[in-house]
Number of protein chains: 2
Amino acid sequence: MHAELQLDNQICFRLYTATRLITQAYTPILTKLGITYPQYLVLMVLWEKDNQPVNDIAHRLLLETNTVTPLLQRMEKQGIVCRKKGEKDKRQQIVSLTAKGKELEKKAFAKIPSSMGDQLSACPLKLEDYKRLAQELDSIIETLKK
Amino acid sequence: MHAELQLDNQICFRLYTATRLITQAYTPILTKLGITYPQYLVLMVLWEKDNQPVNDIAHRLLLETNTVTPLLQRMEKQGIVCRKKGEKDKRQQIVSLTAKGKELEKKAFAKIPSSMGDQLSACPLKLEDYKRLAQELDSIIETLKK
DNA sequence: CCATATTGTATCGTACGCGATATATTGTTA
DNA sequence: TAACAATATATCGCGTACGATACAATATGG
């Protein structure tokens, strides 16, 4: 048995698992808000800056447009965002928050930070650990994105 | 704008992104081997211990059987594993490596560690950083799995 | 200015993840 | 042991991810 190929030695498997479990921790709240985790990511991008073309949203999330386009189509159908052709560049679709999409920020702020805090309260990591973790993940991300 | 809801402050988004990018780094090699990343995870479980029921594989990977069953069906169709009814408990499907599945371990060991090492060589993290990262991810995983 | 390359978005196909449900087998208990 | 609960797996539906491809609009070079 090759030690390098053992599951327990793999950072990637841990990232994969931690991501799924944290996403699952978000899910009950997001379901009440009527959205999914990737949709929540799109909303965070738009809460930071409204009226962005599909490409900018995809770049911000490091996703391809063939992932983001159908995601936005579903969100539009739910009345969370709207899309309209760009005026300067007619190829672009400019994505904007609807009133419903803006409302979701308040609801998210009212529920998500406290719930995630609760769910992670038993975790021994301190604030400084999370900060270092964030930096280390950033350096992995920076290394791997071309 | 609520600082707690900003994308840059979120550990979860970093985990999600780092996972996707590392998985993408694995993909070219795994594609040559004819498998996907989740299939590679299943193989690692079987390389550790052959002839396991679906449930044990799912538990090892912290996945649900409704994810693992179709995965195994695809792997069986490709001739990487085979499944047969359990003798003691006829409800179980015992999953075993085929010769092709066993061969893949050698091929994986020949290519994956060096390739991943190359791709992450520009990353400033040291071995001790990866070790601590692994421990911290484990404590997040341990906290969130019920 | 026109042919061509590039860009922005959309569509299609495949493989996950996972909630919900179904079914067969085994365990338990009255 | 017959009725019922629990377990192991499978199936279905939906929403991502992403490679491959298509198409319209814009940019560019001759």
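Per chain, numbering begins at 1; letters A, B, ... match sequence-line order. Remember, it's a predicted structure, so these values are computed and weren't measured experimentally.
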>> Categorize B/T65 for me: base, sugar-phosphate, or nothing, with a 4.0 angstrom heavy-atom threshold over every strand shown.
In response: base
> Counting side-chain heavy atoms from C-beta on, which of C/dT11, C/dG8, C/dT26 comes nearest to A/P70?
Replying inline: C/dT11
> Got a salt bridge between B/D129 and B/K126, using NZ or NE/NH1/NH2 to carboxylate O under 4.0 Å?
Replying inline: no
> Is the phosphate of D/dT7, meaning OP1 or OP2, less than 4.0 Å from a side-chain N or O of B/N55?
Replying inline: no
>> I need the CG-C1' distance between B/L30 and D/dC18, as an integer number of Å.
In response: 15 Å
> Taking OP1 and OP2 of D/dT9, is either one under 4.0 Å from a side-chain nitrogen or oxygen of B/Q92?
Replying inline: no
> Does the side chain of A/R83 get closer than 4.0 angstrom to OP1 or OP2 of C/dG8 through an N or O atom?
Replying inline: no
> How far apart are the closest heavy atoms of B/Q6 and A/M44, and which atoms are they?
Replying inline: C-SD, 4.4 Å
> Does a nitrogen or oxygen in the side chain of B/Q39 sit under 4.0 Å from OP1 or OP2 of C/dC16?
Replying inline: yes
> Reckon A/R91 has a side-chain N or O less than 4.0 Å from the OP1 or OP2 of C/dT6?
Replying inline: no
> Which nucleotide in the list D/dT16, C/dC16, D/dA10 gets nearest to the side chain of A/T67?
Replying inline: D/dT16
> From D/dA8, C/dG17, D/dC18, pick the nucleotide closest to the side chain of A/R20?
Replying inline: C/dG17
> Atom CG of B/L62 and atom C1' of C/dG17: how far apart are they, to the nearest Å?
Replying inline: 13 Å
> Roughly how many Å is it from CG in B/L71 to P in C/dT14, rounded to a whole number?
Replying inline: 16 Å
> Taking for each residue the nucleotide of DNA chain C bearing the nearest heavy atom, is the 5' side occupied by B/E64 or by A/N66?
Replying inline: A/N66
> Roughly how many Å is it from CD1 in B/I57 to C1' in D/dA8, rounded to a whole number?
Replying inline: 13 Å
>> Below the 4.0 Å mark, does D/dG15 have OP1 or OP2 next to a side-chain nitrogen or oxygen of A/Q73?
In response: no
>> Taking the nucleotide of DNA chain C with the nearest heavy atom to each, does A/I94 or A/T27 sit closer to the 5' end?
In response: A/I94
>> What I want to find out is whether A/E105 reaches A/K102 closely enough, with some N-O distance under 4.0 Å, to be called a salt bridge.
In response: no
>> Can you measure A/K90 atom NZ to C/dA10 atom P for me and round it to whole angstrom units?
In response: 17 Å
>> In whole Å, I'd like the distance from the CD atom of B/Q52 to the P atom of D/dA8.
In response: 14 Å
> Shortest non-hydrogen contact from B/V81 to B/T98?
Replying inline: C-CG2, 3.6 Å
> Starting at CD of B/Q78 and ending at P of C/dT14, how long is that distance when rounded to a whole Å?
Replying inline: 13 Å
> Atom CD of B/E87 and atom C1' of C/dT26: how far apart are they, to the nearest Å?
Replying inline: 17 Å
> Is there a side-chain polar atom (N or O) of B/T69 under 4.0 Å from OP1 or OP2 of D/dA10?
Replying inline: yes
> Given C/dC16, is OP1 or OP2 found less than 4.0 Å from the side-chain N or O atoms of A/Y16?
Replying inline: no
>> If you count every heavy atom of other residues, nucleotides or ligands that lies below 6.0 Å from B/K90 atom NZ, does the total exceed 12?
In response: no
>> Could you see if A/L46 belongs to whatever hydrophobic cluster contains A/I94? Use Ile, Leu, Val, Met, Phe, Trp, Tyr and a side-chain cutoff under 4.5 Å.
In response: no
> With a 4.0 Å cut-off on heavy atoms, is A/K88 in touch with a base, just the backbone sugar-phosphate, or nothing at all?
Replying inline: sugar-phosphate
>> C/dA10, OP1 or OP2 - any side-chain N/O from A/Q93 closer than 4.0 Å?
In response: yes
